[in-house]
Amino acid sequence: MIGGFRLLRICGIDIHLDWSLVFIFAMVAFNLGLGVIPLWHPDWGETTTWLVSSFAAVLFVSSVLVHELSHALVAKAHGIPVPRITLFIFGGMANIEREPATARAELLIASAGPVVSLLLGLGCMGTALGLNAQPMMLTEETLLLVRQMGPVSTLLAWLGPVNVILAIFNMVPAFPLDGGRVLRAGLWAVSGNHHLATRCAARTGQAFGAVLLSSGVVMALGREIPLLGSGLVQGMWTAFIGWFLVNAASSALRQNRLQELLEQVLVEELMRTNLATVSPDTDVQTLVREHLMPARDPVMPVVDGETWLGMVGLSDVDKVNRAHWDMVTVAEIMTPASEILVAQRGQDALQALKDLGEQDSAHMPVVDGGRLLGLLWQQDIIQWLEMATHSPRDLGNTAEAH
């Protein structure tokens with residue numbers, strides 16, 4: 001993403017527009033203003049032509065937003081947070097924070113967008129036909145009938161097929177397109193293996209992207225490709241889309257691999273043990289001078305005998321006036337255990353990393369029946385991943401030890 005701005009909020013979802021969207025808006029508007037509209041309505045003045053073309057570009061972007069909103073709303077209905085939708089050069093992306101829990105949920109979320117786009121497209125075409133005194137038929141007289149349309153009917157007649165094409169393209173079984181996610185849902189349901197389904201769907205995405213990329217190069221060199229056409233601009237755009245799909249599918253494969261690795265290691269294997277601790281009746285001045293500063297750790301467990309009470313750190317110390325450090329105890333400023341997100345013994349590192357991300361936290365205590373076992377740091381998980389991806393043989397030994 002290049003960056004952009006927040007436009008509005010719908011159903012608790014922030015709608016962001018990326019600056020790259022300007023390119024799509026301009027491409028749609030100029031394609032209509034310089035080609036389609038003058039052909040359909042040679043009698044229209046420039047003002048009408050460009051107003052209709054610009055409004056068509058707005059409606060196109062709005063159609064993409066409706067497509068992504070349908071994904072987001074179905075995801076939210078399944079309890080999956082969707083804080084943001086971003087519209088950018090390749091369309092839109094709903095920021096669905098976690099994978100669906102079941103293949104059925106994946107299927108419903110993935111298919112929602114194409115279904116809504118198809119219904120929207122058919123609705124636009126039906127309305128355009130209904131607004132005309134004469135029925136439109138796909139004959140030699142079609143262009144003459146189109147020229148009898150007003151601005152509203154013209155907009156709908158153009159927007160309808162565009163949404164149908166959007167639905168069809170997105171249903172190509174190539175991850176990360178919606179059709180690829182539908183494919184993954186089917187493979188997941190049959191195999192019961194989410195990772196295997198993701199690998200297969202992503203491979204199809206890489207293959208489809210490679211086909212588009214090579215086709216775009218051929219088109220740019222002047223050769224015509226069935227259904228895609230020819231020409232330098234069309235070829236470059238097709239190649240660009242293919243390149244994006246190849247990279248997106250490859251990224252999904254890498255992420256899937258990392259998730260598989262993290263599922264093979266338990267939190268107690270990555271946590272830090274032999275932790276320095278502090279008692280709850282220690283005053284803040286002693287906490288800073290004798291515990292936090294020598295250990296150079298931003299946080300420290302608070303324990304009373306064998307009982308873990310909570311965590312205390314420099315951020316808690318900052319809330320206390322320095323003149324009162326010798327009068328305030330750790331128990332008064334610490335975060336109690338009941339308010340802290342923890343990892344349970346036997347939990348895999350993948351879930352722990354997800355929890356850390358959702359809580360925007362750098363660390364997480366690991367407990368067993370309320371007893372503190374150690375402290376798991378996000379940076380330690382990432383460091384383990386870096387080593388694991390470069391040492392598959394060692395990782396395999398680790399997995400066998402489980």
Side-chain angles (χ1 to χ4, degrees), residues 1-2 18 20 23-24 64 67-68 71 75 86-100 103 105-107 109-114 117 165-221 223 225-230 234-264 350 385-386 388-390 392 395:
M1 298 297 171
I2 298 174
D18 185 85
S20 62
F23 175 78
I24 295 300
V64 175
H67 179 104
E68 294 301 326
H71 288 307
T86 301
L87 302 181
F88 65 115
I89 189 170
F90 292 112
M93 180 177 64
N95 182 25
I96 299 176
E97 288 197 340
R98 62 172 180 265
E99 296 283 5
E106 170 87 290
L107 175 63
I109 295 170
S111 59
S117 291
I165 293 172
L166 179 65
I168 294 173
F169 177 77
N170 271 280
M171 280 306 294
V172 172
F175 196 89
L177 295 177
D178 297 333
R181 295 183 182 276
V182 170
L183 173 63
R184 180 171 71 169
L187 294 173
W188 183 7
V190 172
S191 68
N193 189 324
H194 179 266
H195 293 303
L196 175 62
T198 300
R199 284 197 300 273
C200 294
R203 294 297 184 194
T204 64
Q206 287 180 317
F208 180 65
V211 169
L212 285 183
L213 179 57
S214 57
S215 298
V217 172
V218 172
M219 292 162 60
L221 294 177
R223 299 291 297 274
I225 302 294
L227 301 179
L228 296 177
S230 64
Q234 186 74 5
M236 290 179 62
W237 181 243
T238 301
F240 200 23
I241 294 176
W243 170 82
F244 172 78
L245 290 177
V246 169
N247 277 274
S250 299
S251 177
L253 281 173
R254 289 192 296 270
Q255 183 177 4
N256 185 63
R257 175 57 178 159
L258 295 180
Q259 290 177 347
E260 284 187 288
L261 293 176
L262 288 174
E263 286 181 346
Q264 296 175 10
L350 176 59
L385 271 176
E386 292 175 351
T389 52
H390 289 87
L395 180 66

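Just so it is clear, the model here is predicted, and its values are computed rather than measured.
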How would you list, by chain and number, every residue that makes a ring pair (Phe, Tyr, Trp, His ring centres under 6.0 Å) with F240, sequence neighbours excluded?
F90, W243

Contact check, side chains of [X] and [Y], non-hydrogen atoms, under 4.5 Å:
X: R203; Y: L253; value: yes
X: R254; Y: S251; value: yes
X: L245; Y: L212; value: yes
X: M171; Y: L177; value: no
X: I89; Y: F244; value: no
X: C200; Y: H195; value: no

For [X], side chain to side chain contact (heavy atoms under 4.5 Å, CB included) partners two or more places apart:
X: I96; result: A75, I80, V82, A94, I109
X: L385; result: L258, L261, L262
X: V218; result: R223, I225
X: A105; result: H78, P100, T102

Roughly how far, to the nearest 0.5 Å, is [atom2] of [Y] from [atom1] of [X]?
X: M219; Y: S214; atom1: CE; atom2: OG; answer: 11.0 Å
X: W237; Y: I24; atom1: CH2; atom2: CD1; answer: 3.5 Å
X: H71; Y: N95; atom1: NE2; atom2: CG; answer: 13.5 Å
X: R181; Y: T198; atom1: CZ; atom2: OG1; answer: 9.0 Å

Considering all heavy atoms of both residues, which atom of [X] and which atom of [Y] are nearest to each other, and what is their separation?
X: L107; Y: A185; result: N-CB, 3.7 Å
X: D178; Y: A110; result: CB-O, 3.4 Å
X: L183; Y: A201; result: CD2-CA, 4.2 Å
X: G92; Y: L87; result: CA-CD2, 4.0 Å
X: A202; Y: A249; result: O-CB, 3.4 Å

Using side-chain hydrogen bond (donor to acceptor under 3.5 Å, both in side chains) as the criterion, list what pairs up with [X], not counting sequence neighbours.
X: E99; answer: R184
X: S117; answer: H67
X: S250; answer: Q206
X: N170; answer: none

Residue pairs passing the ring-ring contact (aromatic ring centres under 6.0 Å, His included) test with at least one member in residues 166-193, sequence neighbours excluded, are W188-H194

Report the residues that fulfil salt bridge (Lys or Arg N to Asp or Glu O under 4.0 Å) with E68, sequence neighbours left out, ordered by chain and then residue number.
none

With sequence neighbours left out, the residues meeting salt bridge (Lys or Arg N to Asp or Glu O under 4.0 Å) with R199 are E260

